Visitor: 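My structure is below; once you've seen it, I'll send some questions.
The structure displayed is predicted, hence computed values, not measured ones. Order of appearance sets the numbers: ligands from 1, and atoms from 1 within every ligand.
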Amino acid sequence: MKVFITRVIPDAGLQLLQNAGITVTQWTEKRDLTPTELIDACKQHDALLSSGANNIDANFLNECKHLKVIALLSVGYDNVDVKAATQLNIPIGNTPGVLSGATADTAFLLMLAASRKAFYVHKKILKGEWKFFDPTTDLGIELNGKTLGIFGLGKIGFELAKKCMGAYNMKVIYHNRGNNEEAEEKLNAIKVSFDELLQQSDVLSVHTALTPETKGIFNTTAFSKMKPSAIFINTARGSIHNEEDLKKALEAGTIWGAGLDVTNPEPMAKDNPLLDMPNVAILPHIGSATVDTRNAMSVIAAKNTIAGLAGLRLPHIVNPEIYQDWSKISC
Ligand code: DGY
């Protein structure tokens, strides 16, 4: 059995694959594969382990319907046409849970960096603009006792809420379709409407999946309902906020600041005006980028691949409905 991997992945996952007797090909070039290159490579393999935002759309899936499994090195799967994969009976695996702490750390880092203009003032040092102590310049805002609003309170939002409560005694409100009973019980989190979330949050952090419903939901209308002192944080997917609307809201002082680990498009252009704004902190999608987390993600992706190639149920499956008609499922 052969797996094609679209990036070099950590050894932990690689070794599992090799120990299982699977032949591994890794794409080692420092650029994304073109759609045609990806199809051509997958035609020579039985499984795909996909790292990065490869477009796994209906065209790709129809060309590669022989694949026994597609294992993602991510928790997010908005780059996959899951419906088409399900119709073709291709199991899609992802890596939930293991990246929650690291991604919450990234949101916390951005919140703090935006609140103290950290990235902006660092750039001033590099430009030789640290001349004297000025007691009225580059002042930030404090977080103690403020309200953290979470849009999409799942595992990552839960971890962020814990950190914000421990560090700054922040009150937690959230907006989800359902209730997060664990968060309500353990963190005293209060479920609110979307408008209430916008109106009451001092820091509003996005932790939802990108779906047709969430795409562009943070737009001019949403920003106009937020506090002028609010900080907007997005570590989920760049398309959940409208970048032009965010820029205008920051310029106009409709909201105070922003911290982004995700942009639209990625990579962000180096001359994007958001990069020069004082109250903005931007990172290049490093949410899960720690040694521990990436090792753990590679292990889960490898286990999903091994299970899929053996015709077994994936330990972490995005489209479990493909198993509904199977009479012989091994778990
Ligand atoms: C994820 O796992 O979805 C992260 O955003 C990394 O891509």
Visitor: If we only count N/O pairs under 3.5 Å, is Ser288 in contact with ligand 1?
Guide: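 No, since none of the N or O atoms of Ser288 sits under 3.5 Å from an N or O of ligand 1.
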Visitor: Geometry only, no angles: is Leu73 polar-contacting ligand 1 at N/O separations under 3.5 Å?
Guide: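 No: no nitrogen or oxygen of Leu73 is under 3.5 Å from one in ligand 1.
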Visitor: Output the list of atoms in ligand 1 that are nearer than 4.0 Å to some heavy atom of Ser74, sorted by atom number.
Guide: 1 (C), 2 (O), 3 (O), 7 (O)
Visitor: Can you check ring pair (Phe, Tyr, Trp, His ring centres under 6.0 Å) on Tyr174 and Phe151, steps first, answer last?
Guide: CA-CA 6 Å; Tyr174 74 100; Phe151 183 65; over 10 Å; no
Visitor: What protein heavy atom sits nearest atom 2 (O) of ligand 1, and how far away is it?
Guide: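 Residue, atom and distance for the closest contact: Val75 N, 2.7 Å.
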Visitor: Relative to the heavy atoms of Leu99, which atoms of ligand 1 are at a distance of less than 4.0 Å?
Guide: 2 (O)
Visitor: Is the closest side-chain heavy-atom distance between Val24 and Phe4 below 4.5 Å?
Guide: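 The answer is no; the side chains never approach within 4.5 Å.
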Visitor: Kindly say whether the aromatic ring centers of Phe218 and His241 come within a distance under 6.0 Å.
Guide: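 Judged by ring-centre distance (under 6.0 Å), Phe218 and His241 do not meet the cut-off.
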Visitor: Judged by atom type as modelled, is there a donor-acceptor pair below 3.5 Å linking the side chain of Asn176 to the main-chain atoms of Leu153?
Guide: yes
Visitor: Can an N or O of Thr95 be found at a distance shorter than 3.5 Å from an N or O of ligand 1?
Guide: no
Visitor: Is there a donor-acceptor contact under 3.5 Å linking the side chains of Thr28 and Gln26?
Guide: no
Visitor: Please write down residue, atom name and distance for the protein heavy atom closest to atom 6 (C) of ligand 1.
Guide: His285 NE2, 3.7 Å
Visitor: Has ligand 1 got any nitrogen or oxygen that is less than 3.5 angstrom from a nitrogen or oxygen of Met297?
Guide: no
Visitor: Taking the inter-plane angle between the rings of Tyr168 and Phe108 on a 0 to 90° scale, is it parallel (under 30°), tilted (30 to 60°) or perpendicular (over 60°)?
Guide: parallel
Visitor: Enumerate the atoms of ligand 1 whose separation from the nearest heavy atom of Gly76 is less than 4.0 angstrom.
Guide: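 Going through ligand 1 atom by atom, the ones under 4.0 Å from Gly76 are 1 (C), 2 (O), 3 (O).
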Visitor: For Thr103 and Thr106, what are the C-alpha separation, side-chain angles and deciding distance, and is it a side-chain hydrogen bond (donor to acceptor under 3.5 Å, both in side chains)?
Guide: CA-CA 5 Å; Thr103 307; Thr106 306; 5.8 Å; no
